[in-house]
Every structure is written in C-alpha cells, then in structure tokens.
Amino acid sequence: MRTEEVLFGLEEGVEPWPNLAGRLGISPEELRAILLALRGQGFPVLVEEEGAGLPPGTPAPQVLLPRLRGKLGRPYRYLGTTTTTQDVLRKWWEAPPGALVLAEQQTHGRGRLGRPWQSPAGNLYFSLLLPEVDPLLPFRAGLALSDAAGVGSLKWPNDLLAPDGQKIAGILVEREKSRVILGVGINVERGPIPGSAALAEFRPVHRAQLLADFLWHLEQWLWVNANDVLLAWKARNITIGRRVAVQLGTQVFEGEALDLGPQGELILRTSAGLRKIQAGEVGLL
Ligand code: BTN
C-alpha cells in the first residue's frame with residue numbers, strides 16, 4: 001500500500017489498530033512501519049499502544065478540504081518536512097490561482113527582508129498562489145489573519161502581534177511575472193524565537209480550522225475596495241500614532257508614524273521632514 005494512501009486515510013485522534021488496519025485493508029505490522037516512516041518525513045502521526053491517527057487539527061487534506069468554504073486552498077499539497085513552501089509552490093508550474101502548499105516543518109523557511117523563518121513542528125507554514133491583486137495585498141492578508149486568529153493587533157505592514165506585543169504570525173509576498181506567492185507563517189503551538197509567541201497561549205486552536213478561516217476571510221478581503229481595506233487595517237493596527245524606528249538594511253529612520261499612503265506606505269514624521277517608507281522592519285519605541 002502506498003504511503004500517501006495511509007496518510008490520507010488517517011482520522012483525527014487515535015483509532016484502535018484493528019479498526020484502522022481493517023479500514024485501510026493492511027496488516028497492523030505493515031501499517032505501523034508506514035506510520036513510523038511518515039513520522040520520519042515530518043508528519044505528526046500518532047503511533048500509540050492502542051492505535052494510531054492524527055493529532056486533532058492536523059491540516060491533512062481529509063481534515064482541511066471539508067472545512068474550506070470558498071475557492072482558495074484548492075488544489076492542495078500537504079507536505080511533511082520541506083525546504084520552504086514558497087519554492088515548492090514556485091516550482092509547481094501548472095498550479096492554478098488558489099493552489100496551496102503547506103508543510104509541517106521547513107528547513108529553509110524565509111521571512112521578509114531576507115531573514116530566516118524558524119519553522120519547527122506544531123505551527124502553520126503555507127504558501128498560496130494568487131493572481132496580482134493590488135499593492136494592498138499584504139494588508140488584505142494581514143486583516144484575514146487577524147480575523148482568523150481573533151486576537152492581537154497588526155503591526156506595519158502585516159505582522160500579527162499577540163496582546164502582549166510578541167509576534168504570532170508574519171506574511172511574505174513574493175512576485176514572479178504575474179503570479180503572486182503569498183507565504184504565511186503562524187506560530188500556533190510554539191513561538192520559536194525570542195519576541196515571538198504562540199496563538200495557542202491565548203485561545204484553543206484547531207490548525208486546519210484556523211487555516212480554512214484564514215482562506216475564507218482572505219477571499220472576502222480580496223474584493224473590498226482599497227479605501228475600506230486601509231480603514232479596517234488602521235482600526236486594528238498598533239503602529240500609527242506611535243514613535244517608531246524603521247530599519248531597512250543598515251538605514252534606520254526614527255519618527256512618528258502618522259498615517260498610511262494610498263499604497264500602504266508608512267508615512268513617518270522624522271526630524272528631517274515627512275518620509276514615505278515602502279519596506280522595513282518597524283520597532284515600536
Ligand atoms: C515575516 O518575515 O514576517 C514573514 C514570514 C513568512 C513565513 C512563511 S512560512 C510559509 C512560507 N514559507 C516560507 O519560507 N516563508 C513563508
């Protein structure tokens with residue numbers, strides 16, 4: 001029996017060995033060997049004395065797909081450990097808009113501004129293929145993240161911060177010709193670096209449901225006019241009105257974050273006058 005058939009045949013929770021083996025039409029010994037191999041590939045399968053299955057919330061296709069309410073998220077590739085979902089999706093030439101790649105762990109996860117994105121087991125790491133929308137896509141995605149998470153606030157341009165100011169999630173937008181690859185990392189169970197937090201510290205999380213909710217909300221935000229996107233983002237942000245330091249490479253601009261420009265630029269009042277910031281890492285002072 002092929003490994004994928006076993007992976008995609010598992011249910012959430014622990015199912016007794018005789019049931020599972022009978023349902024999949026495979027001997028318990030062979031089943032156990034396949035499950036252990038899947039674990040070795042980075043999939044979070046439960047292999048216990050009494051039975052086997054998936055931890056509740058595992059975003060395997062059989063758990064995620066029935067929860068999708070819109071068009072985003074199909075077709076879907078579910079991976080164990082990979083380099084980065086951004087590259088897997090980029091190389092999936094025939095993928096149509098809406099295609100989704102998710103990995104349980106990444107060895108070369110990347111963040112904005114060329115930084116690494118630590119990707120241990122237990123969190124969500126996924127990339128979504130979209131047609132070019134407009135320069136506000138990162139803000140639309142930030143709003144969808146905030147809707148799905150239900151806690152925290154947004155820091156320019158699209159970090160989701162926990163109520164205590166630690167980072168829960170980030171968004172990376174990469175463009176290639178007319179294709180846009182939107183990468184999202186959400187710390188669900190683990191905030192892997194200092195200054196990060198896990199969403200599960202603030203509310204119970206079913207990872208597949210959280211992902212389905214994000215995709216649904218994003219689909220709605222893609223249709224909202226630019227002005228309303230900016231207004232909604234401002235209502236949930238913690239950057240505007242604060243003194244900030246924006247770092248871009250070796251340059252640091254310090255000043256008061258006054259507003260957003262029409263394309264989502266951060267308008268900063270510095271000692272040298274007004275500046276429009278297109279990209280950078282904001283530190284709240
Ligand atoms: C940020 O710097 O805040 C953006 C982080 C984006 C991380 C996600 S995880 C899934 C996708 N694959 C990657 O390598 N990066 C993005």
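Whatever order the structure lists ligands and atoms in, that order sets their numbers, starting from 1.
When hydrogens are left out, the protein atom nearest atom 2 (O) of ligand 1 is R112 N, 2.7 Å; that is the closest non-hydrogen contact. For atom 11 (C) of ligand 1, the nearest non-hydrogen atom of the protein is T85 OG1, 3.3 Å. In terms of protein heavy-atom proximity, atom 12 (N) of ligand 1 is closest to Q106 OE1, 3.0 Å. Atom 3 (O) of ligand 1 has its closest protein heavy atom at K167 NZ, 2.6 Å. Taking atom 15 (N) of ligand 1 as the reference point, the nearest protein heavy-atom neighbour is R110 O, 2.7 Å.
Under 4.0 angstrom from ligand 1, the non-hydrogen atoms of D159 all belong to its side chain.
Those atoms of ligand 1 that come under 4.0 Å of a heavy atom in G111, given as number and element, are 1 (C), 2 (O), 4 (C), 5 (C). With ligand atoms numbered from 1 in the order given, ligand 1 contributes 14 (O) to contacts under 4.0 Å with heavy atoms of G109. Counting the atoms of ligand 1 from 1 in the order shown, those under 4.0 Å from a heavy atom of T84 are 12 (N), 13 (C), 14 (O). Residue V184 has at least one heavy-atom neighbour below 4.0 Å for each of these atoms of ligand 1: 8 (C), 9 (S), 10 (C). Close contacts between ligand 1 and I171 involve ligand atoms 3 (O), 4 (C) [criterion: under 4.0 Å to a heavy atom].
In terms of N/O distances under 3.5 Å, ligand 1 is not approached by H108. At under 3.5 Å, not a single nitrogen or oxygen of W117, backbone or side chain, sits near a nitrogen or oxygen of ligand 1.
Paired with E174 under the rule salt bridge (charged side-chain N to carboxylate O under 4.0 Å, His left out), one option of R112, R110, R90 passes, and it is R110.
Distance alone, capped at 3.5 Å, is enough to place a donor-acceptor pair between the Q62 side chain and the L10 backbone. Using a distance-only test at 3.5 Å, with no hydrogens or angles considered, no donor-acceptor pair links the side chain of N123 to the main chain of G185. E12 contributes a side-chain N or O that, together with a main-chain N or O of G57, makes up a donor-acceptor pair within less than 3.5 Å.
Connectivity analysis of hydrophobic side chains (ILVMFWY, heavy atoms under 4.5 Å, direct or indirect) links L285 to nothing; its cluster partners are none.
In this structure, the separation between CD on E104 and OG1 on T58 is 6.0 Å, given to the nearest 0.5 Å.
Here K71 does not pair with E219 in a salt bridge; the nearest charged N to carboxylate O distance is not below 4.0 Å. Classification of R32 and E29 as a salt-bridged pair fails, no side-chain N sitting under 4.0 Å from a carboxylate O.
Between F214 and F126, the gap from one ring centroid to the other is short of 6.0 Å.
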